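The model shown is predicted, which means the values in this text are computed figures rather than measured ones.
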2 protein chains.
Amino acid sequence: MLPEHLLRVVRLFARLPGVGEKTAQRFGLYLVSDNSGLAAELGSELVGLQHGVQPCELCGNLAERNASGRAICLICADERRSAGELCVVGKVQDLMAIERSGSYRGRYFVLGRLLSPLDGIGPEDLPVDRLIDRIRSTGAEEIILATPPSVDGEATALLLARELGPIGVRLSRIASGVPHGGDLEFADQITLGRALSGRRVMDPSG
Amino acid sequence: MLPEHLLRVVRLFARLPGVGEKTAQRFGLYLVSDNSGLAAELGSELVGLQHGVQPCELCGNLAERNASGRAICLICADERRSAGELCVVGKVQDLMAIERSGSYRGRYFVLGRLLSPLDGIGPEDLPVDRLIDRIRSTGAEEIILATPPSVDGEATALLLARELGPIGVRLSRIASGVPHGGDLEFADQITLGRALSGRRVMDPSG
């Protein structure tokens with residue numbers, strides 16, 4: 001019923017995460033009848049996307065290739081960021097979430113994956129050697145393990161703590177507990193257990 | 001935080017209908033880390049989309065330009081479709097919905113818009129002359145007005161009935177009532193009113 005060219009576009013859109021056939025068709029029909037040139041503009045940006053955007057060769061964050069062909073991300077290129085702390089995250093989205101919080105001014109290291117025996121991802125698949133190189137070259141004093149507080153994330157943090165122990169840096173783990181605005185009544189048992197075991201002394205003098 | 005090229009892609013994705021900033025970012029990050037070449041493939045299809053897909057010059061359905069530069073849709077090109085009936089719809093999506101139902105084998109005419117005084121769309125903005133030309137050239141005997149049973153759709157159907165009256169074709173309007181599987185208890189007043197006023201005689205002999 002639809003022209004073949006539009007069908008191809010719809011099938012490609014349907015490969016994006018969370019996009020079903022109906023949504024893909026909606027995108028396609030919108031682009032065909034749009035008058036702002038969005039289809040052509042988006043198309044030409046996408047053609048070069050994977051060549052232009054690469055993992056940062058220092059930390060694994062996304063970076064644009066510079067004139068000399070190297071990919072250094074905006075955070076690694078920023079001299080004002082403290083080199084004393086290195087925050088280890090599972091994926092780029094987690095790095096972005098921490099940046100949005102505005103509460104961290106150090107450097108990052110993106111693992112790209114977590115330990116996941118069910119998906120066949122074992123210790124040898126984690127970039128531990130690259131992480132150790134990165135710690136040595138930045139001279140970081142504290143390594144913040146910011147993998148998620150999930151089964152895979154905790155296992156990854158434990159493995160990294162064991163591997164990094166011998167090089168003599170301070171290791172820390174992000175806190176896990178009842179989230180801001182969260183309700184104790186509806187918190188799950190593990191979260192409440194962590195909130196209790198991770199409790200901190202309050203100083204009544206403020 | 002994101003490389004400039006990726007930011008451009010995210011901003012363009014966010015212009016698609018129903019896509020917010022978070023979803024657009026998800027698409028962009030997925031495409032950057034995808035290994036199947038989806039970004040480049042989708043990109044090159046989108047670049048030529050608006051040139052390759054055009055409204056059918058006969059009915060307004062979407063069509064691919066053929067070798068001689070004309071845009072005739074698959075339905076208009078299909079000799080097996082009956083020319084005796086012409087179904088008038090508001091938009092291409094409605095035509096597609098009717099095709100999916102599999103209960104119509106005639107031709108179509110896509111108005112492209114409905115009367116909508118609030119949006120400044122008046123009678124002079126509807127392609128009535130093109131519709132009359134199309135009726136005459138196909139020799140259609142029945143015109144099925146399949147604009148939606150909404151305020152704008154009903155107004156459009158009434159206007160078309162008035163304009164088409166003088167040319168002496170049979171005019172019909174699609175039925176409106178309680179949908180298949182619908183519950184009378186939860187049907188709105190207008191739908192129930194239409195279901196009653198549109199009631200049909202039942203033949204007890206089947």
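Summarising the local packing, CD of A/Glu21 is surrounded by 12 or fewer heavy atoms from other residues, nucleotides or ligands at distances under 6.0 Å. Enclosure of atom CD in A/Glu124 by more than 12 non-hydrogen atoms of other residues, nucleotides or ligands within 6.0 angstrom is indicated. Atom CD1 of B/Ile190 has 12 or fewer heavy atoms from other residues, nucleotides or ligands within 6.0 Å.
Scanning residues 37-51 of chain B against chain A with a 4.5 Å non-hydrogen threshold yields B/Gly37, B/Leu38, B/Ala39, B/Ala40, B/Glu41, B/Leu42, B/Gly43, B/Ser44, B/Glu45, B/Leu46, B/Val47, B/Gly48, B/Leu49, B/Gln50, sorted by number. For residues 80-107 of chain B, heavy-atom neighbours of chain A at less than 4.5 Å comprise B/Val92, B/Gln93, B/Met96, B/Glu99, B/Arg100, sorted by residue number. Of residues 146-176 of chain B, not one residue has a non-hydrogen atom less than 4.5 Å from any non-hydrogen atom of chain A.
Remark: A/Arg65 pairs with no residue by the side chain to side chain donor-acceptor pair (under 3.5 Å) rule, at least two apart or across chains.
Taking A/Asp34, A/Asp78, A/Val19 one by one and counting their heavy-atom pairs under 4.5 Å with chain B, the maximum is reached by A/Asp34. Counting heavy-atom pairs closer than 4.5 Å to chain B, the top-ranked of the candidates A/Leu2, A/Ile75, A/Val9, A/Val32 is A/Val32. Put simply, of A/Leu29, A/Leu16, A/Leu74, the one with the most heavy-atom pairs under 4.5 Å next to chain B is A/Leu16.
Of all the heavy atoms in B/Leu6 and A/Val53, the pair that sits closest is N-CG2, 4.1 Å. Residues A/Pro17 and B/Phe27 come closest through the heavy atom pair O-CE2, 3.5 Å.
Interface residue A/Arg15: backbone and side-chain heavy atoms are both found under 4.5 Å from chain B. Using a 4.5 Å cut-off between heavy atoms, A/Asn61 contacts chain B through its side chain alone, with no backbone atom that close. For chain A, the nearby parts of B/Leu62 are the backbone and the side chain; heavy atoms of each come within less than 4.5 Å. Neither the backbone nor the side chain of B/Thr23 has a heavy atom closer than 4.5 Å to any heavy atom of chain A. The contact between B/Leu31 and chain A is made by backbone and side chain atoms together, counting heavy-atom distances below 4.5 Å. At a 4.5 Å heavy-atom cutoff, the contact between B/Gln25 and chain A is made by side-chain atoms alone.
Counting only distance, with no hydrogens or angles, the side chain of A/Glu64 and the backbone of B/Glu4 share a donor-acceptor pair below 3.5 Å.
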